[in-house]
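As C-alpha coordinates, the structure follows; a few thoughts come after it.
Predicted model, so just to flag it, every value in this text is computed and none were measured.
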Amino acid sequence: MLVIACYDINTETRAGRRRLRRVAKVCEGVGQRVQKSVFEFQIDRMQFEALEQRLLSEVDLDEDNLRLYRLPDSRGAEVREHGSFRATDFEGPLVL
(Lines give C-alpha, C1' and ligand atoms only; values in the text may rest on other atoms or scores of the structure.)
Protein backbone atom coordinates (compact mmCIF):
# COMPACT_ATOMS: atom_id res chain seq x y z
CA MET A 1 0.00 0.00 0.00
CA LEU A 2 1.03 3.59 -0.50
CA VAL A 3 1.33 5.50 2.77
CA ILE A 4 1.83 9.24 3.09
CA ALA A 5 3.13 10.69 6.35
CA CYS A 6 2.87 14.41 7.09
CA TYR A 7 4.07 16.01 10.28
CA ASP A 8 4.28 19.39 11.93
CA ILE A 9 6.69 19.41 14.86
CA ASN A 10 6.84 22.36 17.26
CA THR A 11 10.46 23.53 16.96
CA GLU A 12 10.33 26.45 19.38
CA THR A 13 12.38 24.49 21.91
CA ARG A 14 15.57 22.47 21.70
CA ALA A 15 13.58 19.31 22.47
CA GLY A 16 11.25 20.11 19.58
CA ARG A 17 14.12 20.48 17.14
CA ARG A 18 15.48 17.14 18.34
CA ARG A 19 12.05 15.51 17.81
CA LEU A 20 11.94 16.94 14.28
CA ARG A 21 15.30 15.37 13.43
CA ARG A 22 14.27 12.03 14.93
CA VAL A 23 10.94 11.91 13.09
CA ALA A 24 12.66 12.75 9.79
CA LYS A 25 15.30 10.07 10.42
CA VAL A 26 12.62 7.41 11.05
CA CYS A 27 10.84 8.40 7.83
CA GLU A 28 14.04 8.53 5.76
CA GLY A 29 14.88 5.00 6.87
CA VAL A 30 11.65 3.61 5.43
CA GLY A 31 10.39 5.88 2.66
CA GLN A 32 11.27 8.82 0.48
CA ARG A 33 10.90 12.51 1.23
CA VAL A 34 8.63 14.26 -1.25
CA GLN A 35 8.42 17.60 0.57
CA LYS A 36 10.08 18.96 3.71
CA SER A 37 7.68 17.29 6.13
CA VAL A 38 5.97 14.82 3.77
CA PHE A 39 7.13 11.27 3.03
CA GLU A 40 5.82 8.46 0.82
CA PHE A 41 6.18 4.78 1.66
CA GLN A 42 5.43 1.58 -0.25
CA ILE A 43 4.87 -0.79 2.67
CA ASP A 44 2.60 -3.58 3.82
CA ARG A 45 0.22 -3.47 6.78
CA MET A 46 2.71 -4.86 9.29
CA GLN A 47 5.36 -2.33 8.23
CA PHE A 48 2.72 0.41 8.50
CA GLU A 49 1.91 -0.57 12.10
CA ALA A 50 5.63 -0.61 12.99
CA LEU A 51 6.19 2.78 11.33
CA GLU A 52 3.23 4.31 13.15
CA GLN A 53 4.49 3.05 16.53
CA ARG A 54 8.02 4.35 15.87
CA LEU A 55 6.70 7.77 14.88
CA LEU A 56 4.33 7.96 17.83
CA SER A 57 7.24 7.21 20.16
CA GLU A 58 9.09 10.26 18.80
CA VAL A 59 6.36 12.95 18.68
CA ASP A 60 4.85 14.91 21.54
CA LEU A 61 1.10 14.63 20.99
CA ASP A 62 0.48 17.76 23.06
CA GLU A 63 2.70 19.93 20.80
CA ASP A 64 3.09 18.13 17.46
CA ASN A 65 0.86 16.86 14.66
CA LEU A 66 1.30 13.60 12.77
CA ARG A 67 -0.97 12.44 9.93
CA LEU A 68 -0.71 9.07 8.18
CA TYR A 69 -2.70 8.38 5.02
CA ARG A 70 -3.09 4.76 3.86
CA LEU A 71 -3.94 4.34 0.19
CA PRO A 72 -4.49 0.64 -0.53
CA ASP A 73 -3.60 -0.54 -4.03
CA SER A 74 -7.13 -1.83 -4.56
CA ARG A 75 -8.54 1.70 -4.47
CA GLY A 76 -6.48 2.76 -7.47
CA ALA A 77 -4.73 5.70 -5.82
CA GLU A 78 -3.51 8.29 -8.27
CA VAL A 79 -0.64 10.68 -7.60
CA ARG A 80 -0.11 13.68 -9.87
CA GLU A 81 3.32 15.25 -9.66
CA HIS A 82 4.13 18.82 -10.68
CA GLY A 83 7.45 20.58 -10.40
CA SER A 84 11.05 19.41 -10.40
CA PHE A 85 10.85 16.46 -7.98
CA ARG A 86 10.17 13.02 -9.42
CA ALA A 87 9.37 10.19 -7.05
CA THR A 88 10.97 6.78 -7.25
CA ASP A 89 8.83 4.25 -9.10
CA PHE A 90 8.75 1.36 -6.63
CA GLU A 91 6.93 -0.85 -9.14
CA GLY A 92 9.41 -0.24 -11.99
CA PRO A 93 12.74 -1.95 -12.66
CA LEU A 94 15.65 -1.27 -10.34
CA VAL A 95 18.82 -0.27 -12.16
CA LEU A 96 22.05 -0.39 -10.17
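Taken to the nearest 0.5 Å, the OG atom of S57 stands 9.0 Å off from the CZ atom of R22. Note that CD of E58 and OH of Y7 are 11.5 Å apart. Values are rounded to the nearest 0.5 Å.
No donor-acceptor distance shorter than 3.5 angstrom exists from the side chain of E49 to the backbone of M46, with no hydrogens or angles considered. In this structure, the side chain of D64 engages the main chain of N10 through a donor-acceptor pair within 3.5 Å.
With a 4.5 Å cut-off on side-chain heavy atoms, C27 and L55 count as touching. By the 4.5 Å heavy-atom criterion applied to side chains, V30 and I43 are counted as neighbours. Side-chain contact between V38 and R33: absent, with no pair of heavy atoms (C-beta onward) separated by less than 4.5 Å. Looking only at side-chain heavy atoms (C-beta outward), V3 and L71 stay at 4.5 Å or farther from each other. In this structure, the side chains of Q53 and L56 come closer than 4.5 Å at one or more pairs of heavy atoms. Using a 4.5 Å heavy-atom threshold, the side chains of Q32 and F41 count as separate.
Using a cut-off of 4.0 Å between Lys/Arg side-chain N and Asp/Glu carboxylate O, R19 and E63 are scored as salt-bridged.
Residues satisfying the side chain to side chain contact (heavy atoms under 4.5 Å, CB included) criterion with T11, sequence neighbours excluded, are R17, L20.
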